[in-house]
Amino acid sequence: MNLTNLTKIALKALNNNKLRCFLTMLGIIIGVASVITMLAIGQGSKRSIREQIAEMGSNMIMIHPGNMERGGVRQDASSMQTLKLNDYQDILDNTEYVSACSPSVSSSGQFIYGANNYPSTIYGVTEDYLEIRKFSVEEGSMFTPQDVLTSAKVCLVGQTIIDNLFPNGENPIGKVIRFNKIPLKIVGTLTPKGYNSMGMDQDDMVLAPYTTVQKRVLAITYLQGIFCSALTEELTPQAIDEITQILRKNHKIKEGEEDDFEIRSQEEMSSMMSSTTDMMTILLACIAGISLLVGGIGIMNIMYVSVTERTREIGLRMSIGARGIDILAQFLIEAVLISVTGGIIGVLLGVGASMVVNLVFNWPVYIQAYSVILSFFVCTITGIFFGWYPARKAANLDPIEAIRYE
Amino acid sequence: MATKEIIRLENIRRNFIVGNETVHALRGVSFTINAGEFVTIMGTSGSGKSTLLNILGCLDTPTSGEYYLDGIPVRSMGKNERSVLRNRKIGFVFQSYNLLPKTTAIENVELPLMYNSAIPARKRYELASRALDAVGLAERKNHKSNQMSGGQQQRVAIARALVNDPVIILADEATGNLDTRTSFEILVLFQELHARGRTIIFVTHNPELSAYSSRNIVLRDGKIISDTPNDNPASAQEMLKKLPVESD
Ligand SMILES: Nc1ncnc2c1ncn2[C@@H]1O[C@H](COP(=O)(O)OP(=O)(O)OP(=O)(O)O)[C@@H](O)[C@H]1O
Ligand SMILES: [Mg+2]
C-alpha cells in the first residue's frame, strides 16, 4: 500500500467538497478549542490559588485552643488558656519535622502617632514568625531574641500602618507610636504583601515580641496560638502528628479523649482548594469533551453520506485495482485529515480564546502542553474511530454492484 | 506466436435474482482463448455480453461453472488477489466509461497506477500522457471529465485501460460512441496492441468490426450461437487511409 498516493487521493476528494469538509471540521474545531480554553481557565485559577497559598506559607501550621468542654459547657476558644509557654518550648525542642515555631498573642486597638491614629492589630511573636508567614523586613531590622527576653517596647509595622500614621512620607524607623498608652519604638518595616486570596489586607499589622504583648498589653501568661512551619509542605502531616503528641502529653489528655486544641494547616487548605478547582476543571473539560464527541459524530455522519454518495467512485476504484484496504485507508485518511486539520485550527483558536479571556476578563489562564497534546491525540483518535465504520462499509462494497449503483 | 491458453471458461452460468424472478444472463458458456487472440463478441442487447466481460475481468463471479485465468481458478483467488490482478494484468473499458467526476483526463488515466506503488509519480505522469496521446487526446489532458464529449470520455476510458500495459484488454463497446474515423483510429490502436502480443476481447454491436479480429463469438440469450475464427483479419490501418478526412 502506498500511503503517499492514498493521501493524494484523499486530499483530492476533500478538495472536491471544500465547504462540506469545512463544516464537518467546524465540529472538531469548536470541540478542541473549548477543551483547550476550559482547561486553561481551570488550570489558571488552580495555579493562582496555589501561588497565593504558597505566598502565605504553604507549610504553615496553626495551633489554637479549642474543642474543650468543662462540665458539659463548651468554652469559647479565645477565652481558653490551655496553650502555655511550655507547649511552645516543647514543640521547639522536641520535634523533627518542624522548622520554625512562634507563639502568638494578639490584641486589637488604636495606634497613635502624633495627630494620626489608626485601628489595627498587634501580634506578639518571635523572630521565627517572619519565616513562617513568609514576611520579610523592608527597612530597619527584626527585633532580637534579647528584645523578646526583656519584653522590649519595640515593633515592626506593615505598609498600611505606615500609610495611615505617617501620611506625609516621614521615615517611620526610630519613631515611637502608641498602643493602649504603651510607647513602641519602630525598629523595622514589613515588605508589603497586599491582599490575600481571602481578601484580607496582609499589611495591616504590627509585630512585637510576644512577651511585650503578653505582659504589657494583655497581662496574660498563656498563649492564644502557636504558629509553626513544617520542613516542607509534604511533611506537614508528620509535623502535625508530632505536635499533637506533644500537646496531648503536656495537657494530660487520656486516650479516647478529645484534643483541647485545634491544629489547622495550609496544606489542608491548599489541597481542599485544589480539589475544588480540580473538580471544576474536570467538569469544564467534560462539557468540552462532549462537544468534541459531537464533532466526531459529525465526521461519522458526513463520511457515511460521502460513502453512499461515492459508491460508484468506490466501485470504479476497486475495478481498476484498488483493494479493500486501499479504500479503507483512503476514507480513514480523509477522516483523519478532517479531524487533525480541525484539531490544529481548534488548538490555535483555543489558545487565542484563552488569551482573550485573560486580557478581557482578567482571569488567570494557564495552557498546559499536555492539554494541547491530549486534545490533538483525542482528535486523531476521533477521526479514526468515527471514520472507521463508514470506511469499513466502503471497503466491503462489491465492485460490480458498486459500479452499477445509481 | 505461442498458443498458450490464457482463458478457459467451463459451463459458466450467471443468474440474477430480481424480486421473485431469476434472470439467466449466462446459461452455460464454455470456451478457451489463447494468449494473443483478438476476439470480438457480438450479440443483441441483453444477450449477456457485459455480464460475460465482467466475469472475464474478475469483477463478477459466476453463479456456477469454472473460470481459469492463466491456469488458476479465479474462484480460488482472494478479493485482494483479484484486485491486484485487475490492476496489473487487465485493462477494462466500461460500456458507461466510469470516469471520476470533477477530475482531469490525465488524473483519470493515472488512477490505476496510483494503486501500484512500484510506479513513481514522474513515471506515472509519463505513462498516462503517452496513453492519452495514443487515443488522440494529447490536447485535452487537463480537461475535466464533465468538460468532454461522450466520445472524448470514451477515449479517456480506453487510455485508462491501456495505461498499465495489461496482458488482457477487455473492451465493452469501446467504439460505441465514436464516429467512423475515430472508431477506426481506436481499432488501429487495438490491432497494434494485438500485434504486440496482447490478448483482446472486444464487445461490439457493429458486425463490420468482426472482420478486423482473429475470432468472432456471437451470443444469444446467454448462450454461444457461433464461434468462428478469422484467419485473415483485415487491416484497420488500410481502411483508415481509405476513409475521407472529415473536418470538424
Ligand atoms: N446486476 C444485474 N441485476 C439483474 N439483472 C441483470 C444485472 N446485470 C445484468 N442483468 C440482466 O442480464 C441480462 C444480460 O445483461 P448484459 O448487461 O450482460 O447485456 P448486454 O449483452 O451487455 O446488453 P447491451 O448490449 O445492451 O449492453 C439482461 O437481461 C440484464 O437485465
Ligand atoms: Mg452491455
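Lettering of chains follows the sequences in order, A, B, ..., and the numbering in each one begins at 1.
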Would you mind checking if Glu185(B) and Arg155(B) are paired as a salt bridge, meaning a charged N to carboxylate O distance below 4.0 Å?
no
Contact summary for Gly350(A) and Ile36(A), nearest pair of heavy atoms:
C-CG2, 3.9 Å
Ion pair present between Asp133(B) and Lys141(B), side-chain N to carboxylate O less than 4.0 angstrom?
yes
Given a strict heavy-atom distance threshold of 4.5 Å, which part of Ala395(A) is in contact with chain B: side chain, backbone, both, or neither?
backbone
What part of Ala161(B) gets closer than 4.5 Å to chain A, counting heavy atoms only: side chain, backbone, both or neither?
neither
Charged N-O contact under 4.0 Å between Asp172(B) and Lys49(B)
no
Ranking Gly324(A), Pro399(A), Ser319(A) by heavy-atom pairs under 4.5 Å to chain B gives rank one to Ser319(A)
What part of Arg82(B) gets closer than 4.5 Å to chain A, counting heavy atoms only: side chain, backbone, both or neither?
neither
For the interface with chain B, which of Arg317(A), Arg310(A), Lys8(A) has the highest count of heavy-atom pairs at distances below 4.5 Å?
Arg317(A)
So do the side chains of Lys4(B) and Asp70(B) get within less than 4.5 Å of each other, counting heavy atoms only?
yes
Segment of Asn98(B) engaging chain A (4.5 angstrom heavy-atom cut-off):
both
Would you mind checking if Glu126(B) and Arg122(B) are paired as a salt bridge, meaning a charged N to carboxylate O distance below 4.0 Å?
no
Please rank Lys102(B), Glu81(B), Arg160(B) by heavy-atom pairs under 4.5 Å with chain A and give me the top one.
Lys102(B)
Leu113(B) versus chain A, the contacting section by heavy-atom distance below 4.5 Å:
backbone
